[in-house]
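Structure, as structure tokens:
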2 protein chains.
Amino acid sequence: MRNHREDVVDQALRVLDTYGLADLTMRRLAKELGVQPSALYHHFPSKQLLLAAVADELLARGARPEPDGTWEEQSRACCTQLRDAMLAYRDGAEVVATVHAFGLGAQAPERALADAVAGSGAAPDLVRAATRTLLHLVFGHTLDEQTHLQAGSAGAIDDDPRDRSDLEVGVGLVLDGIRARTAAPHP
Amino acid sequence: MRNHREDVVDQALRVLDTYGLADLTMRRLAKELGVQPSALYHHFPSKQLLLAAVADELLARGARPEPDGTWEEQSRACCTQLRDAMLAYRDGAEVVATVHAFGLGAQAPERALADAVAGSGAAPDLVRAATRTLLHLVFGHTLDEQTHLQAGSAGAIDDDPRDRSDLEVGVGLVLDGIRARTAAPHP
DNA sequence: ACCTGAACACCGTTCAAGT
DNA sequence: ACCTGAACACCGTTCAAGT
């Protein structure tokens, strides 16, 4: 079949979105590519690293141009973009959160968020803590949201706005906390 | 062998702590109990529900008496207790966070946290959003912390304080945000 | 109530060998 | 560079049958 690395990732994303993470197996993916399971190990040394590439590609496809505005607007935009990117694929939040937790990929959102938060002028330790807090908040809320979304996939036209607003409120709490801790250098 | 439900959960916790979540399989657990794998299905209808019972028991073992003090002290105490309970077992954070995400158990911490946060007198919607935010924050930070802790398990005497303080800072940001949004009724 | 024995339908990964 | 074929060492779950 002569697949390239990108073909494998592309097909993996298709299998993920169509059948879900539980059915994204090496054997299933191989079958979908018309290839033996062992052939996949020519492109990736393990399933974990394949999933890391899948997470990175998923995030890249959801990337939007860098937002301008205040650091708070930029931070909110980062969070929204991350949420939207993960929701765009079935089980996207689980894939991204897992890959990030194991430190194998999905690191771009943390960097973007750190840059935005740093715009507040807060001390580096506070920037790091706040960035991680926002990231975990987006991961957690979106994981919940996607689980409910997919559980009640029968009939539901669009998403329960409760989850989205809970996320926005949570982000707001953290941003306010940063502002309160950051003395304006020269008002 | 005539095991009871509690014996199964107890042994599962032992296997988890000794060999980790990846090795906590129905077959492995059955072998450890001196029983056939199919026997476990007399006690639990699925591995998922067994894991839910494991998460609940893990949390119950880490339970401490209800703290007194201000709502902020109580909230901090809830977060610390949850973190400590999950860190007390190998892969504890992953088990609890997963079970909670799927809505099969591990709901006690959210209730306790909601009660503490409600003491602020904030509006119900804010209490709900803030509670979920704190919960996701503790799950995320502790998952990271435990991953690093277990990855560098060789030689490291005690934990890197960076993670713990990041969690405390994150909780502080959220609590400050709640206070700022909650007008004192009669000062 | 609790368990056995046997089966079903799968997994991830390795490795020599092919083109 | 990319893939095959075959194997290894596993999984969760079901179900008739036993005590």
Side-chain angles (χ1 to χ4, degrees), chain A residues 1-57 90-91 94-95 98-99 101-105 147 151, chain B residues 1-57 90-91 94-95 98-99 101-105 147 151:
Chain A
M1 267 288 143
R2 300 270 118 175
N3 294 293
H4 289 201
R5 212 186 114 105
E6 313 122 57
D7 303 320
V8 177
V9 173
D10 196 74
Q11 189 64 252
L13 238 3
R14 217 186 318 276
V15 171
L16 177 70
D17 204 39
T18 312
Y19 305 103
L21 181 57
D23 285 333
L24 177 48
T25 67
M26 299 299 266
R27 287 164 184 273
R28 178 66 186 263
L29 175 56
K31 183 169 284 176
E32 220 79 27
L33 285 165
V35 112
Q36 294 292 320
S38 51
L40 298 177
Y41 291 85
H42 180 78
H43 301 283
F44 296 94
S46 69
K47 186 184 179 181
Q48 275 202 88
L49 289 170
L50 192 163
L51 274 182
V54 166
D56 282 334
E57 176 63 22
R90 165 124 79 129
D91 293 332
E94 196 176 344
V95 171
T98 301
V99 166
F102 282 69
L104 300 170
T147 301
Chain B
M1 267 288 144
R2 299 271 117 174
N3 295 292
H4 289 201
R5 215 185 112 104
E6 312 124 56
D7 302 322
V8 177
V9 174
D10 196 73
Q11 189 65 253
L13 239 3
R14 216 185 319 275
V15 172
L16 177 70
D17 204 39
T18 311
Y19 305 103
L21 182 57
D23 285 334
L24 176 49
T25 67
M26 298 300 266
R27 287 166 184 272
R28 178 67 186 262
L29 176 55
K31 183 169 283 176
E32 220 79 29
L33 284 165
V35 113
Q36 295 292 320
S38 51
L40 298 176
Y41 291 85
H42 179 78
H43 301 283
F44 295 94
S46 71
K47 185 184 180 181
Q48 275 203 86
L49 289 170
L50 192 163
L51 273 181
V54 166
D56 282 334
E57 177 63 21
R90 168 126 77 132
D91 293 333
E94 196 177 344
V95 172
T98 303
V99 166
F102 282 70
L104 301 170
T147 301

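All chains are named by letter (A, B, ...) in the order of the sequence lines, taking the proteins before the strands, and each is independently numbered beginning at 1. The shown structure was predicted, so the numbers you read here are calculated from the model rather than taken from an experiment.
The separation between B/Leu50 atom CG and D/dT13 atom C1' is 14 Å, rounded to whole Å. Remark: C1' of C/dT14 and NZ of A/Lys47 are 17 Å apart, rounded to the nearest angstrom. Across the protein-nucleic acid pair, B/Arg5 atom CZ and C/dC3 atom P stand 14 Å apart, rounded to whole Å. Distance, A/Phe44 CZ to C/dT13 C1': 16 Å, rounded to whole Å. As a whole-Å value, the separation of A/Arg28 CZ from C/dA9 P is 16 Å.
Residue B/Tyr41 places its side chain closer to D/dT13 than to any other of D/dC3, D/dT13, C/dT13. Checking C/dC3, D/dC3, D/dT13 against every side-chain atom of A/His42, the shortest atom distance belongs to D/dC3.
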Could you go through the side chain to side chain contact (heavy atoms under 4.5 Å, CB included) check for B/Leu33 and B/Leu40 one step at a time?
CA-CA 10 Å; B/Leu33 284 165; B/Leu40 298 176; 3.9 Å; yes

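The stretch residues 17-26 of chain A has no heavy atom under 4.0 angstrom from DNA chain D at all.
Two residues are said to be in side-chain contact when any heavy atoms from C-beta on lie closer than 4.5 Å; A/Asp56 and A/Val9 fail this criterion.
Listed pair A/Asn3 / D/dC2 fails the phosphate criterion, with no side-chain N or O lying under 4.0 Å from OP1 or OP2. Contact annotation: B/His43 side-chain N/O to C/dC3 OP1/OP2 distance is under 4.0 Å.
Remark: DNA chain D takes part in the stems C:4-8 with D:12-16, C:12-16 with D:4-8, each of 3 or more antiparallel Watson-Crick or G-U pairs, criterion distances under 3.5 Å.
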Detail all sub-3.5 Å separations between protein N/O atoms and N/O atoms belonging to nucleotides 5-8 of chain C.
residue, atom, partner, partner atom, Å
C/dG5, O6, B/Ser38, OG, 2.7

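As rounded to the nearest Å, D/dC8 and C/dC11 have C1' atoms that lie 12 Å from one another.
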